[in-house]
Amino acid sequence: MNVLDQLKGRFGNAMPEGAATAADRAAFEKAVRPAGDPKFGDYQANGCMALAKSTGKKPRDLAAEIASAVDLAPIAGPPEVAGPGFLNVRLNDAFIAGALGDLLADGRHGLVPPRQARTVVVDFSSPNVAKPMHVGHLRSTVIGDSLARILAAAGHTVVRDNHLGDWGSQFGMILWGWKNARDEANYTEDPVGELARLYRLVNDRIDAGDAALKEATRQETAKLHAGDPENRALWNQFMPHCLGALQAIYDRMGVKFDVQLGESFYDNQLAAVVEDLEKKGLAVESEGAIVVFVEGVEAPFIVRKSDGAFTYATTDLATIQYRAATWKPDQVLYVVDARQGDHFKLLFEIARRWGYDAINLEHVAFGTILGNDRRPFKTRKGDVVGLESLLDEATAEALKVVQENSPDLDPEEQRRVAVIVGMGAIKYADLCQNRISDYVFDWSKMMAMNGNTGTYLQYAYARTQSIFRKGGTTAEAIRAVRPAILVDHPVERAIGLKLLRLPEAIDLAVAELKPNIITDYLFDLAQAFSTFFEECPVLRAESPERRDSRLALCALTGFTLKFGAGLLGIDMVDRM
RNA sequence: GCGCUCGUAGCUCAGGAGGAUAGAGCGGCGGUUUCCUAAACCGCAGGUCGCAGGUUCGAAUCCUGCCGGGCGCACCA
């Protein structure tokens, strides 16, 4: 159950007779929200001031009128009129207690099916297979994975698609490098490492201004696309190694895809796309290239270069066509760096004009990862930081802390915990921030074992499990007993109310496509639990009823933290 | 030049389709451990929400202009 939704509905039904339009009602419902300050209650309705204007009444009179008209039973008593016309709502303790009991028995975290279940394609991660994955790929992977999990939890059908960059000019660089600078022994030893070396070698020379080399690699790319047997054979030889290396990282991160349809998959559809665009009068010839112009944007959208090669723009259009035909999605999310905003703006506009106007195409943009110096994140030596070494380092850091704090755990368990804590730290640090902000990467902040971190959530969870161990019970056993829940202590009430509000957080996260709404919720919950842990003895509670009630609150907290962290792709441990 | 984006406490950031006295973490200062994990809890200090106008009963939030940072702008993806 979503308490906020319930209250919105109740208030919506209490609009003054005849005076309020449907738009007024919608606006009023929207202005029902969690209270900004606990002293104003639990929720508040702020719509009276605006509604007073359109109905010509005085705000406080209107507020009084609605307060007496609205039926909040059994959720809450009549709202209180406050200030210029606020309506403050305080939930009934009996309602909270009952709802918590239902939550415990139900086991579905209070989630209900959405009014309209959507099919959503989430396009995320999408690395170039030729380059080693580095921290730049982290955000798309972590944010996209989390959004996919959140959408699925909200009841939507999700297709996770890794749109690999396996066909672009970076492959031309590798092909040229292979033919001119390969180290076969190194390749035998470490294929992906050798390919990465070749990529870097060639890329550095091009960046340094080697125009002839750039042209040579362009030709290698063109030959690959044209079906040149040698280049195709090399591509087929390299790809399994590249995919294997990627898969190893995804396995470590616990990230899964439903499909991995890279650029190469769409190659045979590109000519038809351009043809169709021309036929429909969308694409025109310009300076030897075939392009689509969009009003108000100077730069054209190039679907075929003057040398005849197609571009990623063409591929992106073909991808929309394929996805529309295959999954009939209501929405497609592109979890991609904010710097590509211009490209997507054009892509979406052209797709609409091309006929895909019923799909909600959305660029889920995120900011750049920066170093402490506010420059793009590099190692001390100036290299981009490889994802593998990042994961290794986080695990090593976590292991040190685990060994220090939990010497009683056996070494194998310490390592297992360190992997989970390290990964949680990396993911949480990325997700807890509004994705659009640039992300200042800070080791000490990320690996901090206190404050607003993944570790803090994991610790709170471990403490719930610790109570069960000491009490000789389990969360599932408590669920089976279904004890009555008491919320007359303010700290119990606070955590109880928090526990009811996961659906609100998920709804908001889905609407805004922001995982940090989930991290905020979980951090609040973990804080509420930490306070509860200090102030409310569980196993030594003053009565058996109180003890059982508090065990139930611990069980609910554990379930919610574990489920919620799961929405972020973060695991929990029973001891740490 | 055009466009996008950001500017909130010493630091890192929430909040942003308008609502009551602007929040958190870290750092700082001060407390808490015969008691379920102190990786914790409690308290204190700390802000002209970049600046200036405007709209509004009400602006960190919306509009305009300016200042400052980042990013993107024809054949890379």
Side-chain angles (χ1 to χ4, degrees), chain A residues 27 30-31 33 35-37 39-40 44 46-50 52-53 59 82-86 88 126 128 165 167-170 172-173 203 206 214 218 221 263 286-291 296-307 309 311-313 315-316 336-343 345 365 367-368 370 372 374-376 401-402 404-406 421 432-434 436-440 442 444-445 448-453 455-456 458-460 462-471 516-517 519-520 523-524 527 530-531 533-541 550 554 575-576:
Chain A
K30 209 161 64 179
R33 59 190 56 177
D37 188 316
K39 79 173 176 225
F40 299 135
Q44 57 184 196
N46 299 340
C48 292
M49 283 77 81
K53 182 162 292 180
F86 296 104
N88 292 335
S126 307
N128 281 313
W167 202 241
S169 54
Q170 78 280 1
M173 296 187 202
N203 191 50
I206 291 175
K214 187 177 180 184
R218 195 191 62 72
T221 309
E263 294 169 335
S286 170
E287 296 179 27
I290 307 297
V291 310
V297 183
E298 265 189 56
F301 194 73
I302 297 173
V303 293
R304 200 176 75 197
K305 301 194 283 182
S306 53
D307 67 2
T311 70
Y312 77 115
T315 306
D316 280 352
V336 179
D337 194 302
R339 284 174 293 196
Q340 293 196 39
D342 288 347
H343 167 69
K345 199 174 152 195
T368 311
L370 304 174
N372 264 328
R374 296 221 146 244
R375 304 300 307 162
V401 180
V402 172
E404 193 176 319
N405 286 312
S406 306
V421 170
C432 73
Q433 186 168 319
N434 185 329
I436 200 67
S437 309
D438 284 343
Y439 167 33
V440 176
D442 180 341
S444 60
K445 183 183 168 191
M449 298 296 150
N450 51 30
N452 186 5
T453 62
T455 310
Y456 182 82
Q458 289 165 329
Y459 182 63
R463 297 220 282 187
T464 64
Q465 304 309 300
S466 172
I467 290 174
F468 302 146
R469 271 196 306 277
K470 287 268 164 61
N516 68 304
I517 290 167
T519 63
D520 280 356
F523 181 60
D524 281 352
Q527 268 190 325
S530 294
T531 300
F533 188 90
E534 297 290 331
E535 297 197 18
C536 299
V538 177
L539 299 175
R540 280 179 300 280
R550 287 182 175 168
C554 292
R575 301 183 64 181
M576 61 187 280

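Convention: sequence-line order gives letters A, B, ...; per-chain numbering from 1. In this text, all values refer to a predicted model and were calculated from it rather than measured experimentally.
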Close N or O pairs between protein and nucleotides 23-27 of chain B (under 3.5 Å):
residue : atom : partner : partner atom : Å
G25(B)  : OP1  : Q527(A) : NE2          : 3.3
G25(B)  : O2'  : N452(A) : N            : 3.4

Taking any heavy-atom pair under 4.0 Å as a contact, classify [X]: base, sugar-phosphate, or nothing.
X	answer
Y456(A)	sugar-phosphate
C48(A)	nothing
A460(A)	nothing
N88(A)	base
R33(A)	sugar-phosphate
V297(A)	nothing
N516(A)	sugar-phosphate
E287(A)	base
N46(A)	base

Could you tell me how far [M] sits from [N] if I compare only their [atom1] atoms? Round to whole Å.
N	M	atom1	value
G27(B)	G70(B)	P	30 Å
G31(B)	C71(B)	C1'	47 Å
G50(B)	U32(B)	C1'	41 Å
C49(B)	A60(B)	P	7 Å
A9(B)	U48(B)	P	9 Å
A59(B)	A17(B)	P	16 Å
A77(B)	G69(B)	C1'	26 Å

Which nucleotide in the set [options] lies at the smallest distance from any side-chain heavy atom of [X]?
X	options	result
F533(A)	G19(B), A38(B), A39(B)	A38(B)
S169(A)	A38(B), C73(B), A77(B)	A77(B)
R463(A)	C36(B), A40(B), G19(B)	A40(B)
Y312(A)	A20(B), A77(B), A39(B)	A77(B)
S286(A)	C76(B), C41(B), A74(B)	A74(B)
S530(A)	C76(B), A39(B), A40(B)	A40(B)
V440(A)	A39(B), C13(B), C76(B)	C13(B)
Q433(A)	C36(B), A14(B), C41(B)	A14(B)
S406(A)	C42(B), G19(B), A39(B)	A39(B)
V291(A)	A74(B), C36(B), A77(B)	A74(B)

- Message: I'd like to check C554(A) versus R463(A) (side-chain heavy atoms, cut-off strictly below 4.5 Å). Are they in contact?
- Response: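 Side chain of C554(A) against side chain of R463(A), heavy atoms only: no contact under 4.5 Å found.
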Should [X] be listed as having a side-chain N or O under 4.0 Å from OP1 or OP2 of [N]?
X	N	value
T368(A)	C71(B)	no
N128(A)	A77(B)	no
R218(A)	C76(B)	no

| What's the verdict on ring pair (Phe, Tyr, Trp, His ring centres under 6.0 Å) for Y456(A) and F523(A), showing C-alpha distance, side-chain angles and the deciding distance? | CA-CA 8 Å; Y456(A) 182 82; F523(A) 181 60; 5.2 Å; yes
If you take atom types as modelled and just measure distance, does the side chain of Q44(A) reach the base of A20(B) with a donor-acceptor pair under 3.5 Å?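 Such a pair exists between side chain and base.
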> Hey, is the side chain of Q170(A) pairing donor to acceptor with the base of A77(B) inside 3.5 Å?
Replying inline: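 Result: no qualifying N/O pair found.
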Please write out the pairs of protein N or O atoms and N or O atoms of nucleotides 4-7 of chain B separated by less than 3.5 Å, giving the distance to one decimal.
none

task: Indicate whether the side chain of Y459(A) and that of S530(A) have a donor and an acceptor atom separated by less than 3.5 Å.
output: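 Absent: no donor and acceptor within the cut-off.
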*asked:* Side chains of Q433(A) and N516(A) only: does a donor on one sit below 3.5 Å from an acceptor on the other?
replied: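 No pair is found: no donor N or O on one side chain lies under 3.5 Å from an acceptor on the other.
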Does R304(A) use its side chain to pair, donor to acceptor, with the backbone of V291(A) at less than 3.5 Å?
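Not confirmed, R304(A) side chain does not pair with V291(A) backbone.
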inquiry  = Could you check whether any side-chain N or O of D438(A) sits under 3.5 Å from a backbone N or O of T368(A), counting only pairs where one atom can act as donor and the other as acceptor?
reply    =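 Pair found, side chain donor or acceptor close to backbone of T368(A).
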Spatial distance of atom CG (N128(A)) from atom CH2 (W167(A)) [nearest 0.5 Å]:
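N128(A) CG to W167(A) CH2: 14.0 Å, rounded to 0.5 Å.
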Practice prompt. Could you run through RNA chain B and flag its stems, i.e. three or more consecutive Watson-Crick or G-U pairs with both distances under 3.5 Å?
Written response: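 Stem segments, range with range: B:1-7 with B:67-73, B:10-13 with B:23-26, B:28-32 with B:40-44, B:50-54 with B:62-66.
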On RNA chain B, compare the nucleotides closest to I467(A) and T221(A); which residue's is nearer the 5' end?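 First, find each residue's nearest nucleotide; the 5'-ward one identifies I467(A).
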Heavy-atom nearest nucleotide on RNA chain B for K53(A) versus A309(A): which residue maps closer to 5'?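 In this pair, the answer is K53(A).
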**Prompt:** Can you tell me how far P of C13(B) sits from CG of D438(A), to the nearest Å?
**Reply:**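 For the pair D438(A) CG and C13(B) P, the rounded distance is 8 Å.
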